Amino acid sequence: MKIATFNINGIKARINALPEWLDEAQPDVVLLQEIKSVDEGFPREIFEDRGYSVETHGQKSFNGVAILSKLPLEDVTRGLPGDESDEQARWIEATVMGDTPVRVCGLYLPNGNPCPGPKYDYKLAWMERLHARAQDLLAAEEPFLMAGDYNIIPQDEDAKRPEVWQQDALARPESRAAYRRILNLGFTEAFRARTHGPGHYSFWDYQAGAWNKDDGIRIDHFLLSPQCADLLRDCQIDKDIRAREKPSDHVPVWVELDA
DNA sequence: ATGACAATCAGAGATTGA
């Protein structure tokens with residue numbers, strides 16, 4: 001089972017690039033972030049025609065997450081528990097019914113800039129809720145994963161120029177500590193389970209020729225529960241997508257599971 | 001370098017992102 005995560009930065013803007021990548025990469029499941037669309041505006045037919053079922057959790061203009069799946073989905077839920085007043089669409093869950101059922105959580109973690117400030121407070125509060133949800137899901141001791149745009153640069157090796165990110169919400173010590181606290185519940189970060197060293201990124205800013213300079217950061221991650229980590233066969237970043245026509249500023253990351 | 005770059009909503013330019 002191949003599961004991918006991809007921050008597409010607007011479904012309308014990626015109306016050609018996304019199907020093109022799908023046809024090549026042939027993922028069974030895709031967790032999308034930043035669809036920037038309401039549910040009714042999502043172009044489901046493009047994906048249904050390719051054999052995917054479509055589950056969205058959208059909002060107007062910003063944020064929004066979705067799941068595409070060629071395998072049956074069960075028990076779809078929307079929204080991260082822990083704050084009824086939170087209106088931002090950043091979390092969706094479903095169980096993928098392959099040979100081994102896998103619970104998948106697609107997430108778009110708040111950016112948090114500028115920091116300090118209310119947006120940074122929201123980021124840390126959201127991560128606290130993520131920690132709580134992760135604990136609940138781990139208690140089942142079953143295969144599950146949480147993947148998406150974490151807006152976290154875990155270590156200096158995950159940025160081409162770590163020094164410019166030191167005071168940024170994506171890399172400052174409080175952000176990294178909150179991320180590690182979740183990881184330390186017992187998750188395996190899939191990419192680092194298989195690949196070591198610097199030079200691996202999932203985001204390149206549109207500005208200042210970042211792509212041409214390979215001035216990237218790695219902020220899109222797969223966290224696997226222990227039972228899911230046992231199924232891990234591979235994890236890769238589809239870097240080449242970034243060089244195409246009208247690309248997102250993120251590229252897809254995927255895992256292959258023995259499930 | 002009060003910058004750049006892209007997307008959204010709107011129908012110009014502010015807001016958001018990372």
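First the proteins, then the strands, lettered A, B, ... as listed; each starts at 1. Quick caveat, the model's predicted, so the values are computed rather than measured.
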*Asks:* Check side-chain contact (heavy atoms from CB on, under 4.5 Å) between A:Gln236 and all other residues, then give those that pass, not counting sequence neighbours.
*Replies:* A:Asp234, A:Trp254
*Asks:* Distance-only check: which donor-acceptor pairs under 3.5 Å involve side-chain atoms of residues 132-141 of chain A, not counting sequence neighbours?
*Replies:*
from	atom 1	to	atom 2	distance (Å)
A:Arg133	NE	A:Glu93	OE2	2.7
A:Arg133	NH2	A:Glu93	OE1	3.0
A:Arg133	NH2	A:Glu93	OE2	3.3

*Asks:* Which value, in whole Å, describes the distance between the C1' atoms of nucleotides B:dC9 and B:dA4?
*Replies:* 22 Å
*Asks:* Using atom C1' of each nucleotide, how far apart are B:dT15 and B:dA10 to the nearest Å?
*Replies:* 13 Å
*Asks:* Which pairs pass salt bridge (charged side-chain N to carboxylate O under 4.0 Å, His left out) with one or both residues in residues 68-80 of chain A, sequence neighbours excluded?
*Replies:* A:Glu55-A:Arg78
*Asks:* Suppose you measure atom C1' in B:dA14 against the same atom in B:dT2; what distance do you get, rounded to whole Å?
*Replies:* 15 Å
*Asks:* Would you mind reading off the distance between A:Ile15 atom CD1 and B:dA6 atom C1', rounded to a whole angstrom?
*Replies:* 17 Å
*Asks:* Among all residues two or more places apart in sequence or in another chain, which pass the salt bridge (charged side-chain N to carboxylate O under 4.0 Å, His left out) test with A:Asp156?
*Replies:* A:Arg176
*Asks:* Sugar-phosphate means primed atoms, P, OP1 and OP2; the rest is base. With that split, encode nucleotides 8-18 of chain B 5' to 3' as B, S or - using protein heavy atoms under 4.0 Å.
*Replies:* SSS-----SSB
*Asks:* Given the P atoms of B:dA18 and B:dA6, what is the spacing between them in whole Å?
*Replies:* 16 Å
*Asks:* Identify every side-chain donor-acceptor pair in residues 109-119 of chain A under 3.5 Å, counting partners at least two apart or on other chains, and give the distances.
*Replies:*
from	atom 1	to	atom 2	distance (Å)
A:Asn111	OD1	A:Asn113	N	2.8
A:Asn111	OD1	A:Asn113	ND2	3.0
A:Asn113	OD1	A:Ala169	N	3.1
A:Asn113	ND2	A:Asp168	OD1	3.0
A:Asn113	ND2	A:Asp168	OD2	3.2

*Asks:* Show your working on ring-ring contact (aromatic ring centres under 6.0 Å, His included) between A:Phe187 and A:Tyr179 and close with a plain yes or no.
*Replies:* CA-CA 11 Å; A:Phe187 289 96; A:Tyr179 176 75; 9.8 Å; no
*Asks:* In whole Å, what separates the P atom of B:dA12 from that of B:dA1?
*Replies:* 34 Å
